[in-house]
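When a residue number appears, it is its place in the shown sequence, counting from 1.
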Amino acid sequence: MEPIPLAWRLSRRRKLKTLIFLTARVFVVPLLRLLIRFRIEGLEHVPRIGPAIVAANHLHNADPVLIIAAFTRPVLFMAKKELFSIPVIRWFVRQSGAFPVDRGRPDRQALRHAEKLLREGMLVGIFPEGTRSRTGTLQAPHPGVGLLIRRNPDVPVIPVAIWGTEVLPFNGAKGRKPLRGWPRVTVRIGAPIQVTVRDAEGRERTPEELADDVMLAIARLLPEPYRGLYRERCASRKEPVAPTSHAGLPS
């Protein structure tokens, strides 16, 4: 077994929180399998140790909770700052390890905190689209994930696709899709990728270009109807269509 670098060794507090997370997961995942036919794919791609950026598409308020439940290590998500203004929700969000981000501008403080967590060997979660998709399909990303990659070029990105949550209730103003039958939610974890920050000519790529690479990796994990803006690009590269596990797919 590879030794854990000193910088990545968990503090006593983080060890306790990780133990609580792993214990809770033993009960939460079977319950989710019963309630929403929860399916997890690609757990072998989660590294045992070390930092990674976990980047996922976003359909529902429950997505961060379900992705955290899917992983065998805690994922600390960037969460919209509005959640931290609601006392009860703020407590739960903070207990999950989430930290606030201002989605209306490049939030340097959130980026610095994310970098600190990565240096400590943690998994940092981010939704490149910045908010939930109203259509249920992939939208254009914000440059935030690209900025994080450019400042941490050696940290791998784990692309994650989630679908089926668009039919669940309690999605706020974004609403929900019609439900046909019992919900089935899938979290598919892709193999870590290394996003190159320079092109073949040595030019430094823009954060938008880096974010686009991440979104394309997420699109390849999704069933074809969810790929949205990336549907044609996946098809042009002859990417295999991910199997569909939900009847109420977006058109």
Peer 1: Supply the atom-to-atom distance L31 CG to R25 CZ, rounded to the nearest 0.5 angstrom.
Peer 2: 13.5 Å

Peer 1: Are L16 and I68 in one and the same hydrophobic cluster, where Ile, Leu, Val, Met, Phe, Trp and Tyr link if side-chain heavy atoms are under 4.5 Å apart?
Peer 2: no

Peer 1: I'd like to know if the side chain of E166 and the backbone of G164 have a donor-acceptor N/O pair within less than 3.5 Å.
Peer 2: yes

Peer 1: Could you check whether F77 and F99 have their ring centres less than 6.0 Å apart?
Peer 2: no

Peer 1: Find the distance between CG (L210) and CZ (R198) and round it off to the nearest 0.5 Å.
Peer 2: 11.0 Å

Peer 1: Indicate yes or no for a side-chain donor-acceptor contact from R205 to the backbone of T196 under 3.5 Å, with no hydrogens or angles considered.
Peer 2: yes

Peer 1: I'd like to know if the side chain of N152 and the backbone of V155 have a donor-acceptor N/O pair within less than 3.5 Å.
Peer 2: no

Peer 1: Got a donor-acceptor contact below 3.5 angstrom from the R188 side chain to the E41 backbone?
Peer 2: no

Peer 1: Do V65 and F38 sit in the same hydrophobic cluster, where Ile, Leu, Val, Met, Phe, Trp and Tyr count as joined when their side-chain heavy atoms come under 4.5 Å apart?
Peer 2: no

Peer 1: Begin with the C-alpha distance, continue with both residues' side-chain angles, and end with the deciding distance and a verdict on salt bridge (charged side-chain N to carboxylate O under 4.0 Å, His left out) for E209 and R150.
Peer 2: CA-CA 11 Å; E209 290 173 317; R150 194 158 73 169; over 6 Å; no

Peer 1: Report yes or no: does R227 contribute a side-chain atom to a donor-acceptor pair with the main-chain N or O of L222 at less than 3.5 Å?
Peer 2: yes

Peer 1: With a 4.5 Å cut-off on side-chain heavy-atom distances among I, L, V, M, F, W and Y, is there a chain of contacts connecting V28 to F71?
Peer 2: yes

Peer 1: Between T165, N171, L168, which is the residue that forms a side-chain contact (heavy atoms from CB on, under 4.5 Å) with D63?
Peer 2: T165

Peer 1: Would a distance-only check, ignoring hydrogens and angles, find a side-chain to backbone donor-acceptor pair under 3.5 Å from R37 to W182?
Peer 2: yes

Peer 1: If you group Ile, Leu, Val, Met, Phe, Trp and Tyr by side-chain heavy-atom gaps below 4.5 Å, do L66 and L35 land in one group?
Peer 2: yes

Peer 1: With no hydrogens and no angle check, is any side-chain donor or acceptor of R9 less than 3.5 Å from a backbone partner on I4?
Peer 2: yes

Peer 1: For the NE2 atom of H58 and the CG atom of L138, what is their distance to the nearest 0.5 Å?
Peer 2: 13.0 Å

Peer 1: Identify each donor-acceptor pair in which a side-chain atom of residues 139-147 lies under 3.5 Å from a protein atom, sequence neighbours left out, and give them as a table.
Peer 2:
{"from": "Q139", "atom 1": "NE2", "to": "S133", "atom 2": "OG", "distance (Å)": "3.2"}
{"from": "Q139", "atom 1": "NE2", "to": "T135", "atom 2": "OG1", "distance (Å)": "2.9"}
{"from": "Q139", "atom 1": "NE2", "to": "T137", "atom 2": "O", "distance (Å)": "2.7"}
{"from": "Q139", "atom 1": "NE2", "to": "T137", "atom 2": "OG1", "distance (Å)": "3.4"}
{"from": "H142", "atom 1": "NE2", "to": "E129", "atom 2": "O", "distance (Å)": "3.3"}

Peer 1: Short question: side chain of Q194, backbone of D154 - any donor-acceptor pair under 3.5 Å?
Peer 2: yes

Peer 1: Distance-only criterion, 3.5 Å: show the donor-acceptor pairs between side-chain atoms of residues 117-125 and protein atoms not counting sequence neighbours.
Peer 2:
{"from": "E120", "atom 1": "OE1", "to": "R14", "atom 2": "NH2", "distance (Å)": "3.4"}
{"from": "E120", "atom 1": "OE2", "to": "K116", "atom 2": "NZ", "distance (Å)": "2.7"}

